[in-house]
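Just below is one structure, and these are the notes that go with it.
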Amino acid sequence: MNEKHEKNMAAIVAAPEIEALFVQTAGGMAYHDGKLTLHDLAPTTLFFSDRPDRVTGHISSEEFVDSWDKGPDSFASNPPNAVLSVFHPDGVSDVVVEITEPKLWKGQLKYTVTILDGEMPASGGPNSLFIDIIGRPLSPVSVAGVARREERRERRRL
């Protein structure tokens with residue numbers, strides 16, 4: 001384990017609370033009948049937190065999917081919003097979606113999606129899926145985004 005990785009893991013473990021944005025990348029995508037499939041998915045899901053912690057790291061995409069329904073405010077009970085950015089030869093498509101029911105198999109990840117904004121292409125090239133933080137447990141620490149957001153709002157009002 002290199003020094004930078006050890007520092008990142010130490011920051012994650014020591015952080016009393018962090019809110020992390022998750023990013024999944026894939027080599028291609030397909031969409032049909034409310035199902036989004038990410039092809040050639042990267043083996044890890046990147047996460048990073050905002051100030052002041054600025055924690056970064058990776059968890060396996062398998063661990064991300066396996067923990068989907070873990071915790072009292074899991075993604076299964078409170079589905080996240082996400083933005084899918086798809087690269088095309090003539091530009092980029094950005095689509096805001098709500099994602100549910102992840103299924104990972106053989107380098108592909110399928111989500112059931114509800115389109116909130118934008119137009120989903122039927123297929124596309126390299127892409128990144130930026131996943132909101134609310135309710136997602138982060139191993140080894142818990143990310144209870146909703147409660148912390150409420151606490152922050154209260155502190156700002158004071």
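Since the model is a prediction, treat every value here as computed from it, not as a measurement.
Of the possible donor and acceptor atoms, none in the side chain of Ser61 sits under 3.5 Å from a partner among the backbone N and O of Leu41. Side-chain N or O atoms of Ser74 include one that pairs as donor or acceptor with a backbone N or O of Ser77 at under 3.5 Å. Within the 3.5 Å criterion, the main-chain N or O of Gly28 finds a donor-acceptor partner in the side chain of Asn127.
The shortest heavy-atom contact between Phe75 and Asp132 is CZ-O, 3.2 Å. Taking every heavy atom of both residues into account, His88 and Gly124 meet most closely at CE1-CA, 4.0 Å. Closest approach of Thr100 to Trp68, counting heavy atoms only: CA-CZ2, 4.0 Å. Closest approach of Val95 and Glu119 over heavy atoms only: CG2-O, 3.3 Å. Shown here for Ile131 and Leu21, the closest heavy-atom pair between the two residues is O-CD1, 2.9 Å.
Note that CG of Leu36 and NZ of Lys110 are 10.0 Å apart. Values are rounded to the nearest 0.5 Å. To the nearest 0.5 Å, the span separating NE2 on His32 from OG on Ser123 amounts to 12.5 Å. Atom CG of Leu104 and atom CG of Leu38 lie 10.0 Å apart (nearest 0.5 Å). How far CG of Asp66 is from OG of Ser60: 7.5 Å, rounded to the nearest 0.5 Å. Here the straight-line distance linking atom CZ of Phe48 with atom CZ of Phe22 works out to 10.5 Å at 0.5 Å rounding.
Neither side chain, Tyr111 nor Glu98, offers a donor N or O lying under 3.5 Å from an acceptor on the other. Between the side chains of His58 and Thr45, no donor-acceptor pair of N or O atoms lies under 3.5 Å.
Within the 4.5 Å cutoff, side-chain heavy atoms of Ile59 are placed close to those of Phe47. In this structure, the side chains of Pro80 and Ile99 come closer than 4.5 Å at one or more pairs of heavy atoms. At least one side-chain heavy atom of Pro102 sits less than 4.5 Å from a side-chain heavy atom of Leu109.
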Side chain to side chain contact (heavy atoms under 4.5 Å, CB included) between Thr112 and Lys35, worked out:
CA-CA 5 Å; Thr112 299; Lys35 304 292 184 185; 2.7 Å; yes
Residue pair Thr44, Phe64: steps toward the side chain to side chain contact (heavy atoms under 4.5 Å, CB included) verdict
CA-CA 9 Å; Thr44 61; Phe64 181 84; over 6 Å; no
Side chain to side chain contact (heavy atoms under 4.5 Å, CB included) between Met29 and Met120, intermediate numbers included
CA-CA 10 Å; Met29 58 73 62; Met120 183 72 75; 3.9 Å; yes
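Leu84 and Phe87 sit in two unconnected hydrophobic clusters of ILVMFWY residues. Membership requires side-chain heavy atoms under 4.5 Å apart, directly or through other members.
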